[in-house]
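Numbering of ligands and ligand atoms starts at 1, following listing order.
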Amino acid sequence: MVVSWRLSSFGVVLSVALALVPGTHGWSKEGHILTCRIAQGLLEPEAAAAVENLLPDYANGDLSSLCVWPDQIRHWYKYRWTSPLHFIDTPDDSCSYQYSRYCHDQHGVKDMCVADNMTEALLFLSHFMGDIHQPMHVGFTSDEGGNTIALRWFRHKSNLHHVWDREIILTALAHYYETNLDNLQEDLVGNFTDGIWYDDVASWEQCDDLLPCLNMYATESINIACKWGYKGVNSGQTLAEEYFDSRMPIVMKRIAQGGVRLAMILNKIFGGSEEVFVTI
Ligand SMILES: *[C@@H]1O[C@H](CO)[C@@H](O)[C@H](O)[C@H]1NC(C)=O
Ligand SMILES: *[C@H]1O[C@H](CO)[C@@H](O)[C@H](O)[C@H]1NC(C)=O
């Protein structure tokens with residue numbers, strides 16, 4: 001099936017994104033806010049206008065203010081259909097990710113387009129583009145993506161999944177950014193506009209074909225989960241400075257990548273004059 005990256009295929013883009021995102025939780029609200037702010041800052045005028053038009057008035061034109069919405073409504077009756085999308089059984093110790101292998105039995109994927117409500121489609125897409133970059137989202141079955149690996153984060157109780165969702169971000173905010181999200185955002189943006197990631201951004205944005213791209217993002221995540229998330233971590237352990245110092249740069253890079261790639265996709269959907277075709 002050949003579809004174009006245009007407004008009319010927003011639902012297709014969305015359903016693919018939904019079908020690919022495993023895990024029971026995503027980034028914390030801070031992670032989503034950062035991803036969406038970064039993305040919105042990179043939109044070309046046409047895409048920026050389209051996004052603004054889709055946002056309800058109370059969002060005041062700020063996409064990031066509604067990027068956690070899909071987490072808030074996923075238990076509501078009307079949105080129960082989104083629930084199965086939050087689980088993918090990845091075999092334990094499988095450090096690779098294959099769409100066809102693990103996702104084909106997601107029932108009713110075709111019916112999961114919500115293109116009749118473009119606002120909601122935008123919010124789901126924005127949310128799940130963040131989540132797919134959270135490494136522990138592609139986790140092992142028996143430990144629920146690290147959720148059952150109870151441990152301590154510095155002095156308090158936590159679990160491995162939560163460490164990646166939120167603890168690392170909060171600790172970074174406290175240590176380096178005066179707990180101010182704006183400061184962290186500025187540093188993130190600075191690092192890809194003019195800093196350590198400057199040379200990598202073009203490769204992050206590289207995407208001719210949507211499905212392989214989303215597969216690649218998920219594969220990056222499981223690779224990181226194996227190499228940096230699970231490795232050397234046992235239940236009951238205390239994770240502190242050493243884990244934080246070595247993992248924080250990875251978390252930050254994933255947030256930046258999610259934002260840059262969300263912008264790339266929204267720019268393709270809403271902007272530009274040339275047709276870009278993808279095969280799904
Ligand atoms: C930005 O890059 C500097 C190194 O130049 C690094 O110390 C800092 O942690 C990076 N910030 C983020 C948010 O990744
Ligand atoms: C989507 O649109 C419908 C009406 O078209 C509206 O009732 C609903 O609140 C909208 N959802 C969001 C998140 O704005």
Side-chain angles (χ1 to χ4, degrees), residues 23 25-43 62-65 67-68 71 126-138 146 153-154 158 160-207 213 216-233 239-267:
H25 299 284
W27 288 123
S28 60
K29 97 180 172 303
E30 292 80 8
H32 282 293
I33 289 170
L34 288 166
T35 301
C36 287
R37 282 194 196 165
I38 288 168
Q40 201 172 12
L42 295 172
L43 294 180
D62 178 9
L63 175 63
S64 76
S65 69
C67 277
V68 287
D71 272 342
S126 302
H127 183 86
F128 287 127
M129 273 304 287
D131 280 350
I132 203 171
H133 283 82
Q134 205 286 51
M136 294 304 288
H137 252 238
V138 192
W153 180 249
F154 292 82
S158 190
L160 185 59
H161 191 96
H162 195 60
V163 164
W164 283 80
D165 270 353
R166 192 149 197 234
E167 306 283 19
I168 291 173
I169 298 173
L170 291 189
T171 303
L173 277 168
H175 279 209
Y176 301 118
Y177 302 100
E178 296 164 333
T179 69
N180 185 331
L181 211 57
D182 295 342
N183 294 346
L184 172 51
Q185 183 188 347
E186 199 178 313
D187 203 32
L188 280 166
V189 172
N191 277 359
F192 67 76
T193 52
D194 191 23
I196 46 173
W197 304 316
Y198 177 75
D199 291 330
D200 300 334
V201 176
S203 72
W204 295 356
E205 288 176 317
Q206 185 62 42
C207 182
C213 294
M216 181 175 80
Y217 308 157
T219 300
E220 290 168 354
S221 277
I222 184 64
N223 288 340
I224 294 170
C226 284
K227 192 172 171 192
W228 297 99
Y230 285 111
K231 201 167 177 187
V233 175
L239 300 180
E241 276 89 0
E242 197 190 324
Y243 196 89
F244 171 69
D245 290 343
S246 50
R247 273 62 171 187
M248 180 195 126
I250 299 167
V251 166
M252 295 307 163
K253 185 173 167 185
R254 292 307 276 166
I255 290 172
Q257 284 179 319
V260 166
R261 286 164 168 171
L262 173 58
M264 176 273 294
I265 289 177
L266 291 174
N267 282 330

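Sorted by first and then second residue, the side chain to side chain donor-acceptor pair (under 3.5 Å) pairs with a member in residues 242-258 read Trp164-Tyr243, Glu220-Arg254, Ser221-Arg254, Arg254-Gln257; sequence neighbours excluded.
Remark: Tyr198 OH is loosely packed, at most 12 non-hydrogen atoms of other residues, nucleotides or ligands lying under 6.0 Å away.
A donor-acceptor contact shorter than 3.5 Å links the side chain of His127 to the backbone of Cys67.
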Pair up each side-chain donor or acceptor in residues 184-194 with any protein partner under 3.5 Å, not counting sequence neighbours, and list the distances.
{"from": "Gln185", "atom 1": "OE1", "to": "Arg37", "atom 2": "NH1", "distance (Å)": "2.7"}
{"from": "Asp187", "atom 1": "OD2", "to": "Tyr177", "atom 2": "OH", "distance (Å)": "2.5"}
{"from": "Thr193", "atom 1": "OG1", "to": "Val189", "atom 2": "O", "distance (Å)": "2.9"}

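Residues meeting the side-chain contact (heavy atoms from CB on, under 4.5 Å) test with Asn180, sequence neighbours left out: Asp182, Asn183.
Contact record, Val233 with Gly229: CG2-O, 3.4 Å, taken as the closest heavy-atom pair.
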Which N or O atoms of ligand 1 sit under 3.5 Å from a protein N or O, and how far apart is each pair?
{"from": "ligand 1", "atom 1": "2 (O)", "to": "Asn191", "atom 2": "OD1", "distance (Å)": "3.0"}
{"from": "ligand 1", "atom 1": "2 (O)", "to": "Asn191", "atom 2": "ND2", "distance (Å)": "2.4"}
{"from": "ligand 1", "atom 1": "11 (N)", "to": "Asp187", "atom 2": "OD2", "distance (Å)": "2.7"}
{"from": "ligand 1", "atom 1": "11 (N)", "to": "Asn191", "atom 2": "ND2", "distance (Å)": "2.9"}
{"from": "ligand 1", "atom 1": "14 (O)", "to": "Asn191", "atom 2": "ND2", "distance (Å)": "3.4"}

